[in-house]
Enquirer: 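Below are the structure tokens for one structure; questions will follow.
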Amino acid sequence: MADAKLESPTLIRMKLMWRSFKENWKIFSQSKIGMIGLYIVIIFAVAGFIVYPILAATVWKTTSLNAMVSYNPVTGYDFVQNNPAPPSWAHLLGTDPLGRDILAQLLYSTPREFMLGIVAALITVIIGTLIGTVAAYFGGALDTFFMRVADIVLLFPFIPFLIVISGMMQVDLLTLALIIGLLSGFGGITIVLRSQALIVKSRPFIESAKISGASDSYIIVNHIIPNVMPLSFLYMMFNVTGAIFSEAVLSFFGLLNIKMSWGLMIYTADTAGYIIGSNIWNYWWLWLPAGASITLLCGAFYFIGRGLDEVVNPRLRKR
């Protein structure tokens, strides 16, 4: 016993976190809808971050197939055939009215959709968690102020407000992520996380920490925030879905300053008159791949959130 080395608090904390992760993963893996969402997200991530760079560096090089064909998703053009062209061996998902490869556009846009959703969700969760825990801990006028701000934000029609902002200024993906993150961070997530923080605040170990002389900042950072983080992570998944959908809507109206996105692909087909009457089915490849991608990725993050709901809320677990 004398030779035994005491483990550092950091190592003990890491072991406890790993044990908690394994237990939560076991619960999450039992959720079929959650696992379906995770598989879909992994497929999109592999396609956008691995498959596209490989294809762009090998198969889709300008000289690899035909000197008259370019697979650049933004400036590319196929001079060989009439555009828009239906799916073929040269273009597996066809070309758009500007002669650009649909599959290249789809894969090129995938990492940017991930970036938009994750950045917006992170900003939302960070702001909502900090404001919710601080308001719950201190209460009083500070709590009242932030709750009234949250009420005002909830009253704003989100999409129309983003349309107005996009019409007043040049908005790229990063700017859009910041706007969505800030608006959502001061909205409903603050109210939800404040409610959870109030429950944590009333527990005996918080009172024990106060009696032992712990500062307010120490209690908030080390006791309250870690206990509301599972709920924060859950709402992060839902906010990714909202951000991707918002970008698709704004791109469809042509209000974003971006090179390419799934919403912009549908916008291009719409402005060229290919989503009118019978053209919508005769030229299905112009809108269906992008529309299906938006639906699948948004749905996948929602499914993950539903799976995480069973981890956060024990009452939803199967007995």
Side-chain angles (χ1 to χ4, degrees), residues 9-10 12-14 16-21 23-25 27-28 34 117-156 158 177-178 180-243 301-302 304-317:
T10 303
I12 295 174
R13 190 177 294 111
M14 291 178 63
L16 290 174
M17 291 176 60
W18 175 246
R19 182 188 302 171
S20 177
F21 172 78
E23 293 175 354
N24 291 332
W25 170 254
I27 297 171
F28 178 81
I118 292 174
V119 171
L122 280 174
I123 295 173
T124 299
V125 167
I126 291 172
I127 293 175
T129 301
L130 289 176
I131 293 178
T133 53
V134 169
Y137 184 79
F138 290 105
L142 186 67
D143 183 25
T144 302
F145 172 76
F146 282 120
M147 290 305 100
R148 296 297 77 77
V149 171
D151 291 339
I152 294 173
V153 172
L154 286 174
L155 288 174
F156 275 88
F158 195 70
L178 293 174
I180 293 175
L182 288 172
L183 288 176
S184 302
F186 284 95
I189 189 174
T190 299
I191 299 175
V192 174
L193 295 181
R194 169 186 172 272
S195 301
Q196 181 67 17
L198 285 173
I199 297 174
V200 177
K201 178 186 174 182
S202 64
R203 291 177 178 172
F205 65 86
I206 299 295
E207 190 65 30
S208 300
K210 291 180 179 179
I211 294 173
S212 64
S215 63
D216 293 335
S217 59
Y218 181 88
I219 293 173
I220 292 173
V221 173
N222 292 278
H223 293 296
I224 298 182
I225 289 181
N227 281 280
V228 302
M229 279 305 295
L231 191 60
S232 300
F233 190 71
L234 167 64
Y235 275 84
M236 178 179 172
M237 296 296 104
F238 295 137
N239 276 278
V240 172
T241 296
F301 279 107
Y302 177 77
I304 292 176
R306 288 293 304 273
L308 289 173
D309 202 8
E310 296 184 10
V311 177
V312 176
N313 190 350
R315 290 175 296 179
L316 298 178
R317 299 174 192 172

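When a residue number appears, it is its place in the shown sequence, counting from 1.
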Enquirer: By side chain to side chain donor-acceptor pair (under 3.5 Å), which residues pair with D151, not counting sequence neighbours?
Expert: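 Partners of D151 under the side chain to side chain donor-acceptor pair (under 3.5 Å) test: R148.
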Enquirer: Output all residues satisfying side chain to side chain donor-acceptor pair (under 3.5 Å) with S202, sequence neighbours left out; order by chain, then residue number.
Expert: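 Side chain to side chain donor-acceptor pair (under 3.5 Å) list for S202, sorted by chain: empty.
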Enquirer: Not counting sequence neighbours, list each pair that qualifies as a side chain to side chain donor-acceptor pair (under 3.5 Å) and has a residue in residues 125-139.
Expert: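 As it turns out, the side chain to side chain donor-acceptor pair (under 3.5 Å) pairs with a partner in residues 125-139, which skip direct neighbours, are T129-S232, Y137-D216.
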Enquirer: Of the non-hydrogen atoms in G181 and I127, which two are nearest, and what is the gap between them?
Expert: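 Smallest heavy-atom distance, with atoms named: O-CD1, 4.2 Å.
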Enquirer: Rounded to the nearest 0.5 Å, how far does CG of L122 lie from CE of M236?
Expert: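 Answer for the CE-CG pair, M236 versus L122, is 4.0 Å.
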Enquirer: What are the two closest non-hydrogen atoms of A120 and I180, and how far apart are they?
Expert: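 Of all heavy-atom pairs spanning A120 and I180, the closest is CB-CG2, 4.1 Å.
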Enquirer: According to ring-ring contact (aromatic ring centres under 6.0 Å, His included), who are the partners of Y218, at least two apart in sequence or on a separate chain?
Expert: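 Expected list: H223.
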Enquirer: Would you say the side chain of M147 lies within less than 4.5 Å of the side chain of T144, judging by non-hydrogen atoms?
Expert: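 Not in contact.
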Enquirer: For N227, what residues pass the side chain to side chain donor-acceptor pair (under 3.5 Å) criterion, not counting sequence neighbours?
Expert: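 If we apply the side chain to side chain donor-acceptor pair (under 3.5 Å) test to N227, skipping adjacent residues, there are no hits.
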Enquirer: Using the ring-ring contact (aromatic ring centres under 6.0 Å, His included) criterion, which residues pair with F145? Sequence neighbours excluded.
Expert: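 Result, ring-ring contact (aromatic ring centres under 6.0 Å, His included) vs F145: none returned.
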Enquirer: Any non-hydrogen side-chain atom of M237 less than 4.5 Å from a side-chain atom of F233?
Expert: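 Side-chain contact under 4.5 Å: yes.
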Enquirer: So, for V119 and A177, which heavy atoms are closest and what is the spacing to 0.1 Å?
Expert: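 Answer, listing the atom of V119 first, then A177: CG1-CB, 3.8 Å.
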Enquirer: T124 vs L183, test: side-chain contact (heavy atoms from CB on, under 4.5 Å). Steps then yes/no.
Expert: CA-CA 8 Å; T124 299; L183 288 176; over 6 Å; no
Enquirer: If every non-hydrogen atom of A243 is compared with every non-hydrogen atom of G117, which pair is closest and at what distance?
Expert: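 Taking A243 first and G117 second, the nearest heavy atoms are CB-CA, 3.9 Å.
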Enquirer: Counting C-beta onward and ignoring hydrogens, is there a side-chain heavy-atom pair between N239 and F301 closer than 4.5 Å?
Expert: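 A side-chain contact under 4.5 Å is absent here.
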Enquirer: Looking only at non-hydrogen atoms, find the nearest pair between G34 and F28 and report the distance.
Expert: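 In terms of heavy atoms, the two residues are closest at O-CZ, 3.5 Å.
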Enquirer: Of all the heavy-atom pairs spanning A136 and A197, show the shortest one and how long it is.
Expert: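 Taking every non-hydrogen atom into account, CB-CB, 3.5 Å.
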Enquirer: Roughly how far apart are I189 CD1 and Y235 OH, rounded to 0.5 Å?
Expert: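 Here the interatomic distance stands at 8.0 Å.
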Enquirer: Between F138 and D143, is there a side-chain heavy-atom distance shorter than 4.5 Å?
Expert: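 Answer no - side chains too far apart.
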Enquirer: Going from CD1 on I225 to CD1 on I126, what distance comes out if it is rounded to the nearest 0.5 angstrom?
Expert: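 Going from CD1 on I225 over to CD1 on I126, the span is 10.5 Å.
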Enquirer: In Å, rounded to the nearest 0.5 Å, how long is the span from CG of L234 to CG of L193?
Expert: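 If we round to the nearest 0.5 Å, L234:CG and L193:CG are 9.5 Å apart.
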Enquirer: Are the side chains of T190 and V149 in contact, using a 4.5 Å heavy-atom criterion?
Expert: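 SC-SC contact between V149 and T190 ruled out.
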Enquirer: Is there side-chain contact between I199 and R203, with at least one heavy-atom pair below 4.5 Å?
Expert: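 Contact flag for I199/R203 side chains = yes.
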Enquirer: What is the distance from atom CD1 of I219 to atom CD1 of I224, rounded to the nearest 0.5 Å?
Expert: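 Answer rounded to 0.5 Å: 7.0 Å.
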Enquirer: How far does CG of L308 sit from CD1 of I27, to the nearest 0.5 angstrom?
Expert: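 Here the rounded value is 11.0 Å.
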